[in-house]
There are 2 protein chains.
Amino acid sequence: MSNQFYNEYPKFLVSVDCIIFGFKEGTLKLLVQKRPYNPGKGEMSLIGGFVEEGESIDETAQRILTKFTGIGKVYMQQLGAFGEVERDPGERVITIGYYALINSADFDESLTRENEAQWVDIDNVPKLFSDHNKMVEKARRNLQKKVNSNPICVNLLPKYFTLTQLQTLQESILGVELDKRNFRRSVAFKDYIVKTKYIDKENSKRGARLYKFQLEDI
Amino acid sequence: MSNQFYNEYPKFLVSVDCIIFGFKEGTLKLLVQKRPYNPGKGEMSLIGGFVEEGESIDETAQRILTKFTGIGKVYMQQLGAFGEVERDPGERVITIGYYALINSADFDESLTRENEAQWVDIDNVPKLFSDHNKMVEKARRNLQKKVNSNPICVNLLPKYFTLTQLQTLQESILGVELDKRNFRRSVAFKDYIVKTKYIDKENSKRGARLYKFQLEDI
DNA sequence: TCAAAAGTGTTAATAGTACACCCATGA
DNA sequence: TCATGGGTGTACTATTAACACTTTTGA
């Protein structure tokens with residue numbers, strides 16, 4: 001299937017690599033897998049796949065996310081293209097990074113096992129295949145810029161959450177500790193975080209107020 | 001030249017489109033050209049080209065910039081990948097956007113003429129080929145975020161410049177007017193903008209102090 | 001009764017915004 | 001002498017940062 005245009009230019013494999021963030025046990029986590037094929041079979045890597053004919057790169061990213069987590073229709077943010085000639089030791093592959101934030105409750109664990117995927121702490125990411133560590137770092141910096149002005153945490157938390165959970169999450173994204181009083185005041189100014197009538201009794205004896213994100217009007 | 005890996009996946013044309021900003025006549029300008037080939041021959045478009053074998057995408061961007069402006073080694077910022085299936089009416093092309101800021105004084109005008117390129121006002125960009133207008137808008141938003149915290153204007157101005165020139169440039173990037181006194185105070189806090197002993201007598205009768213960027217220590 | 005997490009205010013410093021007049025000069 | 005662009009300061013507001021104690025309750 002040739003074409004009258006552009007024939008004289010080379011073509012390349014184009015892949016999408018997904019930086020999938022979750023929040024478990026009080027820390028931001030990254031989903032990684034054992035690479036199922038060569039080159040680098042068995043090495044830890046981001047989950048990824050190749051762009052198919054007739055599929056936009058955004059669609060590729062969604063397809064990969066769904067395949068590995070069972071989750072459909074989550075907002076994914078493009079991180080940029082990575083196009084060093086030798087970045088893949090097998091053959092030249094130009095890759096587009098995307099990151100996603102997902103709620104581990106929506107997560108299909110059987111797919112994780114099937115794909116030899118696992119969650120690792122964001123502050124303890126192992127050496128990954130190719131330039132994937134660089135992509136993870138860029139994604140995290142990207143998140144850090146947004147965390148205060150965007151309701152990105154909505155995708156990482158359960159529907160109802162305590163302010164301590166939200167604070168712990170933000171601290172884990174930023175890698176710094178926050179002052180509890182200043183944090184709670186800043187939350188009070190955000191219209192998209194609202195108090196509910198519910199109290200969480202699981203994580204403390206006294207009980208903590210549950211909040212939720214209210215995003216309809218944004 | 002096949003390979004033992006990845007054979008079953010499709011390959012794509014990958015191009016780089018460059019959003020080249022300049023500063024002339026008190027406004028931010030964009031370099032555009034008449035598309036020299038079909039599809040869309042004669043339409044206005046960004047300047048671009050295809051990624052070659054053995055060339056990283058950053059290198060492609062530099063090569064295109066040099067070809068169209070004569071300028072080598074300018075910082076180019078990647079804007080992201082654009083991968084809608086039908087974005088190019090000829091054949092599927094995945095493109096990576098890069099923007100660059102250049103000083104029109106370094107500019108080789110003969111190359112512009114040769115390539116049927118021209119500068120257009122950023123606030124009056126004509127309809128461009130494919131999704132190029134979208135790329136320009138994204139690049140401008142990207143610039144706007146940086147203009148206050150990064151010395152990006154260094155590349156758009158001559159070595160010595162007046163504060164009025166710098167203010168006019170920032171206003172043109174931001175699309176808003178700035179208060180002269182507030183602007184000048186904020187400049188005074190930036191270590192990378194320093195007063196020189198020179199006075200410009202060309203643009204005013206009284207003469208205006210010339211400043212320069214001091215970037216060695218960043 | 002005590003350990004553990006929840007909850008709550010004030011002050012100081014910094015950054016940002018609004019605003020109007022005089023100066024020096026060449027034509 | 002006057003038109004043109006250059007240059008200057010102050011007061012108000014908003015945002016951010018620092019900081020420590022009391023409450024509730026189940027074990």
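Each chain gets a letter, A, B and so on, in the order its sequence line appears, and its residues count up from 1. FYI, side chains are in, hydrogens and waters are out, and symmetry mates aren't considered; it's all heavy atoms of this structure.
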Sugar-phosphate only, base, or nothing, as touched by R185(A) at under 4.0 Å among non-hydrogen atoms: base
Pairwise distance CZ(F21(B)) to CD1(I122(B)) - rounded to 0.5 angstrom: 4.5 Å
Distance in angstrom units between E202(B) CD and dT25(C) P, rounded: 17 Å
Rounded distance in Å - CG (L163(B)) to C1' (dG5(D)): 13 Å
Separation of dG26(C) P from D200(B) CG (nearest whole Å): 13 Å
R181(A) side-chain N/O to dG7(C) phosphate OP1/OP2 under 4.0 Å: no
Sugar-phosphate, base or nothing in reach of R209(A), heavy atoms under 4.0 Å: sugar-phosphate
Nearest-angstrom distance from the residue atom CG of L166(B) to C1' of dG7(D): 16 Å
Greater than 12 external heavy atoms within 6.0 Å of F189(B)'s CZ: no
Any N/O donor-acceptor pair, K180(A) side-chain to dG7(C) base, under 3.5 Å: yes
K201(B) NZ - dT4(D) C1' separation (whole Å): 12 Å
Polar pair under 3.5 Å, donor/acceptor by atom type, side chain R206(A), base dA6(C): yes
Proximal nucleotide (of dG7(D), dT4(D), dA4(C)) relative to the K205(A) side chain: dA4(C)
Touch class at under 4.0 angstrom, heavy-atom based, for T164(B) against every strand present: sugar-phosphate
Sugar-phosphate, base or nothing in reach of D179(B), heavy atoms under 4.0 Å: base
Over all atoms of both residues, closest heavy-atom pair of D17(A) and R87(A): OD2-NH2, 3.9 Å
Test: R185(B) and D179(B) ion pair at under 4.0 Å: no
